[in-house]
Amino acid sequence: MKLLFCGDIVGRSGREIVHEELPKLRRELEPDFIVINAENAAGGFGMTEKICAELFELGADVISGGNHSWDKNECLEYINREPRLLRPANYPAGTPGRGIGVYSTIKGQKVAVMNVMGRLFMDPLDDPFAVVTRELERFRLKGNVDAFILDVHAEASSEKMAMAHCVDGRVSLVVGTHTHIPTADAQILPGGTAYQTDAGMCGDYNSVIGMNKEAPIARFTRKLPTERLSVATGPADLCAVLVETDDATGLARRIEPVRRGARLKATAP
């Protein structure tokens, strides 16, 4: 099975590059299942029902979220109606929505997708390791699911790596989101789980993690967080991860970073 995971969509530029490139990637790569993190899709902060509907129409099977999932109030109600929209599973009991789901491909294969949020340098949510461990008792590769994708929305690379090694051999892919920078460590761990610390973002890379540069620079240099961050609107790149799994085990046979756009293409000096 081929799994395609697209990193955080940031603002209009991110949406536009996904609209432009995802249909091409579907023809070129022929993925069986597509997950997109879209927690920054609406003006850099949150997502809306309209945006999610557009992404589903483009071919997304599941949309995952993160700490900005609730920035648009309409999501508090919409997420209860849309089982394909996930938020981190380690939010406290009673939080709207769900953090894990099982979905079917066109071929009838079952794919579990789970979204969790880290705790280092982020909100002190429930223990993501305990939540993931509990769900892995319910959903087992080649038991009741054919693939398992885990989106770890976290700040610290150490926390993402620790999670990957903790579940190695029990999930198909562990991929990091939130930091918006594509990392150069795509690999298959000893137990057969594909891993990349961060998939990167779908957005304008002439920015500070997708935001116009001036306000972040001012915050760092003057320590006065008075200017509101605004999303960068220049030409965007799409960053994603493609994983091919072994149908007999559900574990990874291949992982490959995917990048489309102008800014991230290597150029000769």
Side-chain angles (χ1 to χ4, degrees), residues 3-11 14-15 18 33-105 110-119 122-139 144-145 147-155 159-160 163 167 171-178 180 199 201-202:
L3 311 171
L4 182 67
F5 185 96
C6 297
D8 313 47
I9 297 176
V10 183
R15 301 198 308 272
V18 170
F33 199 84
I34 300 172
V35 180
I36 300 177
N37 189 296
E39 64 135 14
N40 301 118
F45 302 93
M47 45 195 156
T48 65
E49 181 174 354
K50 180 176 183 292
I51 288 172
C52 290
E54 292 171 352
L55 294 175
F56 290 135
E57 182 67 24
L58 281 171
D61 293 289
V62 172
I63 296 172
S64 59
N67 56 305
H68 288 292
S69 289
W70 317 115
D71 285 4
K72 305 300 181 193
N73 286 336
E74 68 180 82
C75 251
L76 290 167
E77 188 273 331
Y78 173 58
I79 199 169
N80 282 324
R81 292 189 284 107
E82 179 49 78
R84 297 171 295 174
L85 176 60
L86 299 179
R87 46 81 172 163
N90 56 321
Y91 270 103
T95 302
R98 62 201 57 78
I100 187 169
V102 177
Y103 310 90
S104 296
T105 69
K110 300 293 185 182
V111 181
V113 184
M114 187 173 186
N115 184 197
V116 295
M117 198 157 87
R119 296 194 294 181
M122 299 187 76
D123 292 337
L125 300 183
D126 296 343
D127 179 6
F129 290 84
V131 172
V132 170
T133 299
R134 183 180 68 233
E135 295 297 346
L136 287 175
E137 293 297 318
R138 294 203 299 146
F139 303 108
N144 51 2
V145 295
F148 195 121
I149 300 170
L150 178 59
D151 173 359
V152 184
H153 198 77
E155 193 79 45
E159 192 171 19
K160 298 177 188 181
M163 178 66 77
V167 302
V171 306
S172 309
L173 168 65
V174 175
V175 60
T177 55
H178 179 65
H180 295 188
M201 69 175 177
C202 302

Any chance you could lay out the side chain to side chain contact (heavy atoms under 4.5 Å, CB included) test for Thr48 and Tyr78, step after step, and finish with the verdict? CA-CA 8 Å; Thr48 65; Tyr78 173 58; over 6 Å; no
Trace of the side chain to side chain contact (heavy atoms under 4.5 Å, CB included) decision for Val152 with Leu150: CA-CA 6 Å; Val152 184; Leu150 178 59; 3.9 Å; yes
Partners passing side chain to side chain donor-acceptor pair (under 3.5 Å) against [X] (at least two apart in sequence or in another chain):
X	value
Glu57	none
Ser104	Lys110
Asn115	none
Glu159	none

Which residues pass the ring-ring contact (aromatic ring centres under 6.0 Å, His included) test with His153, sequence neighbours left out?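 Partners of His153 by the ring-ring contact (aromatic ring centres under 6.0 Å, His included) criterion, ordered by chain and then number, come out as His178.
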For Phe5, ring-ring contact (aromatic ring centres under 6.0 Å, His included) partners two or more places apart: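 Once residues adjacent in sequence are excluded, Phe5 has no partner under the ring-ring contact (aromatic ring centres under 6.0 Å, His included) criterion.
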Distance-only, no hydrogens or angles: does the Arg87 side chain make a donor-acceptor pair with backbone N or O of His68 under 3.5 Å?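 Not a single qualifying donor-acceptor pair exists.
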Hey, what do you get for [atom1] ([X]) to [atom2] ([Y]), rounding to the nearest 0.5 Å?
X	Y	atom1	atom2	value
Ser69	Ile63	OG	CD1	11.0 Å
Asn90	Leu125	CG	CG	5.0 Å
Phe33	Leu4	CZ	CG	11.0 Å

Considering only heavy atoms from C-beta outward, does the side chain of [X] approach that of [Y] to under 4.5 Å?
X	Y	value
Val167	Phe148	no
Asn40	His180	yes
Cys52	Glu82	no
Leu55	Val18	yes
Val35	Cys6	no
Tyr91	Met117	yes

Could you report the tightest heavy-atom contact between [X] and [Y], atom names first, then the distance?
X	Y	answer
Ile34	Gly59	CD1-O, 3.6 Å
Ile36	Ala60	CD1-CB, 3.8 Å
Ala89	Val131	CB-CG1, 3.9 Å
Asn37	Gly65	ND2-O, 3.1 Å
Gly101	Leu86	N-CD2, 4.2 Å
Arg15	Ile9	N-CG2, 3.5 Å

Under the side chain to side chain contact (heavy atoms under 4.5 Å, CB included) rule, what do Met114 and Val132 come out as? Steps first, then yes or no, please. CA-CA 8 Å; Met114 187 173 186; Val132 170; 4.0 Å; yes
Going by the rule side chain to side chain contact (heavy atoms under 4.5 Å, CB included), which residues pair with Ala147 if we only count those two or more places apart in sequence or in a different chain?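 For Ala147 the side chain to side chain contact (heavy atoms under 4.5 Å, CB included) partners, ignoring immediate neighbours, are Met1, Leu3, Val111, Ser172.
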Partners of Pro96 by side chain to side chain contact (heavy atoms under 4.5 Å, CB included), sequence neighbours excluded?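 Expected list: Trp70, Leu76, Ile79, Asn80.
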Can you list everything that forms a salt bridge (charged side-chain N to carboxylate O under 4.0 Å, His left out) with Arg138? Sequence neighbours excluded, please.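 Checked Arg138 against salt bridge (charged side-chain N to carboxylate O under 4.0 Å, His left out); matches are Glu135.
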What residues, two or more places apart in sequence or in another chain, satisfy salt bridge (charged side-chain N to carboxylate O under 4.0 Å, His left out) together with Glu155?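 Counting only residues at least two positions away or on another chain, Glu155 forms no salt bridge (charged side-chain N to carboxylate O under 4.0 Å, His left out).
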Taking the cut-offs as 6.0 angstrom to the six-membered ring centre and 45 degrees off its axis, would you call Arg84 and Tyr103 a cation-pi pair?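 Output no; distance or angle outside limits.
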Pairs involving residues 122-131, ordered by first then second residue, that meet salt bridge (Lys or Arg N to Asp or Glu O under 4.0 Å) (sequence neighbours left out):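 Only Arg119-Asp127 qualify under salt bridge (Lys or Arg N to Asp or Glu O under 4.0 Å).
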Which pairs with one or both residues in residues 34-55 pass salt bridge (Lys or Arg N to Asp or Glu O under 4.0 Å), sequence neighbours excluded?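 Listed once each, the pairs are Glu49-Arg81, Lys50-Glu54.
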Where do Val116 and Phe129 land on the side chain to side chain contact (heavy atoms under 4.5 Å, CB included) test, with the steps shown first? CA-CA 9 Å; Val116 295; Phe129 290 84; over 6 Å; no
